[in-house]
Amino acid sequence: MARDKVCVIGSGNWGSTIAMICGKNVRKYSDVFDEHVPVWVYEEMIDGKKLTDIINTTHQNVKYLPGYDLGTNVEAVPDLAKAVQGATALVFVMPHQFLDKCLATIEGHIAPGARAISLIKGVDVHGADIHIFADVIQDRLGIRCSALSGANIASEVAAGRFSETTIGYRKGHREDGEMWKKLFETPKFKIQLIEDVSGVSLCGALKNVVAVAAGLSDGLGYGNNTKSALMRIGLIETKNFCQEFFDDVLPETFLEESAGVADLITSCLGGRNRKTAEAFVKTGKSFDELEREMLGGQKLQGIHTAKDVHTFLAARNRIGAYPLFDKVFHICWENMDVNTLTDDL
Ligand code: NAD
Ligand code: 13P
C-alpha cells in the first residue's frame, strides 16, 4: 500500500510542536508514512535571514518554538502550493484568520485520496451561518477532514509533559482517526478517538472565549471561586450552544474528552487568551497592543471568537441565552466596564 505523505500547514507555536511530533512519528511508522515532512512556513525575516532558511539549517523554529529540535526530516517550505504537492495527509494548524487565503492557494491542487485534519480553534461565521473549520476545509477541498483539539498548551506538549488530546473523526470513518493517531500520539501525548468532529471543534473554539473571561477575572483580582464559576457557566454555555446549533455533537465530548472540560480548564489557568485578558484589565491597553507586546508574533483567538459568536447569536436573536459569551464580547469590543463581568450571570 502507498505510504501517506504528510504536510503540516502552519508553523506557529502549536504548528511547530506538531511538526516536531510528526517528524518523529513518520520515522517510527515508516511503513505507513513517507519520512519527509514538509511544513508550510509563512516567510518572514529574522535578523536579516529568512525564517525558512534558519529552520532548514538549525532545525529550530527560532521565532515560534525556540529551543526544540524539529528533526532533519522536517523541511520548512515557504511556497504553500509546493508544500502540499503530492501530500495525502494534510494537517491544518494555522490561526484561523489565515485559512481562507491558504485554501484559495491550494484548491484544485490536492492529491487524489488525500485526507485532512484541522487543529484550528475558532468558528467561521457569516451572519446567521456558522461552520467549524473542519467543515470549511472538507467542503472547499472535497476531502474528508477530521479535527484534533484538547488541553494542549503547546510549550507543555513540546516539553514532553504528560498531556491528552481528542481526535474527532467523521461518521463511519474510524480508520481516519487511527491514521491520525499514529501520526500524533507519543508516550507523553495521549490521544482518544471519538466520532464527533463538530463537538471537538466547537469545544476548542468556545473555550477561548471562556479563557478570556477567566483572564478578565484574574485582572480584577477576583480569585478562584469566581474563576471556577466562570468555567462552569462557560462549559454550560458551550454545551447549550453546541446542542442548539449543531445536531451531531455527542454529549460525552463535554465531560469525558480532553477537548471538552480539560481544555477549558487548562486555558482558564494558562494560555495566551487568559494572560492577555488579565493584562487588558491591569494595563488598560488594547488587545492588539498586548498581542504585539506580549506574544512575539503569536496570535490571539478568543476575542475574535467572542465577536464571531456575538455576530452569529445576534443574527439568530439568541444573545440572551448566552450571557457569559455576550459579556466577554461587550467588554472586549464595546468598552463595557469590566467590573460588570459577573453581573447578570
Ligand atoms: P501562533 O499564534 O503561535 O503563530 C502565528 C502564526 O501565524 C505563525 O506561524 C505566523 O507565521 C503565521 N502568520 C502571521 N502572519 C501571517 C499571514 N499574514 N499569513 C499566514 N500566516 C501568518 O500559531 P499557533 O499557536 O500554531 O496556532 C495555530 C492554531 O492552533 C490556532 O487555531 C490556535 O488556537 C491552535 N492551538 C494553539 C495552541 C498553542 O498552545 N499555541 C494549542 C492548541 C491549539
Ligand atoms: P491559548 O491560545 O489561549 O494559548 O490556548 C492554547 C490552547 O488552545 C490550549 O489547548
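Any value given below was found using the heavy atoms of this structure, including those in side chains, with hydrogens, waters and symmetry copies removed. Numbers for residues simply follow the sequence, beginning at 1. Atoms within each ligand, like the ligands themselves, are counted from 1 in listed order.
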Distance under 4.0 Å to a non-hydrogen atom of G12: what atoms of ligand 1 satisfy this?
1 (P), 3 (O), 4 (O), 8 (C), 9 (O), 23 (O), 26 (O)
In a table with atom names and distances, give each donor-acceptor pair under 3.5 Å that connects a side chain of residues 305-314 to protein atoms at least two apart or in another chain.
residue	atom	partner	partner atom	Å
T305	OG1	Q301	O	3.1
H310	ND1	D326	OD1	3.3
T311	OG1	K307	O	2.9

Please determine if F98 has a nitrogen or oxygen closer than 3.5 Å to a nitrogen or oxygen of ligand 1.
no
Check: I120 N/O within less than 3.5 Å of ligand 1 N/O
no
Does NZ or CZ of K188 come closer than 6.0 Å to the centre of the six-membered ring of F162, within 45° of the ring's axis?
no
At the 4.0 Å heavy-atom cut-off, does G10 count as touching ligand 1?
no
Worked check of side-chain hydrogen bond (donor to acceptor under 3.5 Å, both in side chains) between H36 and E75:
CA-CA 8 Å; H36 174 232; E75 185 195 3; 2.8 Å; yes
Looking at K181, I'd like to know if its NZ atom is crowded, meaning that more than 12 non-hydrogen atoms belonging to other residues, nucleotides or ligands lie closer than 6.0 Å.
yes
Quick look: L119 vs ligand 1, heavy-atom contacts under 4.0 Å, and the answer is backbone
May I ask you to identify the nearest protein heavy atom to atom 42 (C) of ligand 1, giving residue, atom name and distance to one decimal place in Å?
N152 O, 2.9 Å
Under 4.0 Å to a heavy atom of I153 - the qualifying atoms of ligand 1, by number:
40 (O)
Examine ligand 1 and decide if any of its atoms is less than 4.0 Å from a heavy atom belonging to S11.
yes
Selected option - heavy-atom contact closest to atom 29 (C) of ligand 1, from M94, K299, Q97
M94
Return yes if some donor-acceptor pair links the side-chain N/O of Q60 with the main-chain N/O of P66 below 3.5 Å, else return no.
no
Run T166 and E257 through side-chain hydrogen bond (donor to acceptor under 3.5 Å, both in side chains) and show every step you take.
CA-CA 6 Å; T166 312; E257 292 298 330; 3.1 Å; yes
Please report which non-hydrogen protein atom sits nearest to atom 30 (O) of ligand 1, along with the residue it belongs to and the distance in Å to one decimal place.
W14 CD1, 3.4 Å
State whether the number of non-hydrogen atoms from other residues, nucleotides or ligands found under 6.0 Å of D31 atom CG is greater than 12.
yes
Number the atoms of ligand 1 from 1 as they appear, then name those within less than 4.0 Å of a heavy atom of G297, with their elements.
5 (C)
Side-chain polar contacts of residues 338-345 - donor-acceptor pairs under 3.5 angstrom, sequence neighbours left out - could you list them?
residue	atom	partner	partner atom	Å
N339	ND2	D337	OD1	3.0
T340	OG1	D337	O	2.7

Are any of the N or O atoms of N208 closer than 3.5 Å to those of ligand 1?
no
If the cut-off is 4.0 Å to any non-hydrogen atom of V93, which atoms of ligand 1 fall inside it?
28 (C)
Is the closest N or O pair between K121 and ligand 1 shorter than 3.5 Å?
yes
Given F133, Y64, Y42, which one has a non-hydrogen atom that is nearest to atom 17 (C) of ligand 1?
Y42
Would you indicate whether R27, at its atom CZ, is surrounded by more than 12 heavy atoms from other residues, nucleotides or ligands within a distance under 6.0 Å?
yes
Pick from L216, V210, V209: which one makes a side-chain contact (heavy atoms from CB on, under 4.5 Å) with V212?
L216
The salt bridge (Lys or Arg N to Asp or Glu O under 4.0 Å) partners of K275 (sequence neighbours excluded) come to none
Do I117 and F92 have side chains that get closer than 4.5 Å, going by heavy atoms?
no
Write 'none' if nothing qualifies; otherwise put on separate lines each N/O atom of ligand 2 with a protein N/O atom under 3.5 Å away and their distance to 0.1 Å.
residue	atom	partner	partner atom	Å
ligand 2	2 (O)	R272	NE	3.2
ligand 2	2 (O)	R272	NH2	3.1
ligand 2	2 (O)	N273	ND2	3.2
ligand 2	3 (O)	R272	N	3.1
ligand 2	3 (O)	N273	N	3.0
ligand 2	3 (O)	N273	ND2	2.7
ligand 2	4 (O)	R272	N	2.8
ligand 2	4 (O)	R272	NE	3.1
ligand 2	5 (O)	K207	NZ	3.3
ligand 2	8 (O)	K121	NZ	2.8
ligand 2	8 (O)	K207	NZ	2.8
ligand 2	10 (O)	K121	NZ	2.9
ligand 2	10 (O)	G150	O	2.9
ligand 2	10 (O)	N152	N	3.0
ligand 2	10 (O)	D263	OD1	2.7

Neighbour count >12 (heavy atoms, 6.0 Å) for atom CG, D129:
yes
Kindly identify the option in R272, E291, E44 whose heavy atom sits closest to atom 41 (N) of ligand 1.
R272
Donor-acceptor side-chain pairing of S163 and N152 below 3.5 angstrom
no
What do you reckon, does W40 put a non-hydrogen atom under 4.0 Å from ligand 1?
yes
A154, any N or O under 3.5 Å of ligand 1 N or O
yes
Taking atom types as modelled, is there a side-chain donor on R144 or Q138 under 3.5 Å from an acceptor on the other?
no
Looking only at distances, please establish whether an N/O atom of ligand 1 is found under 3.5 Å from an N/O atom of N13.
yes
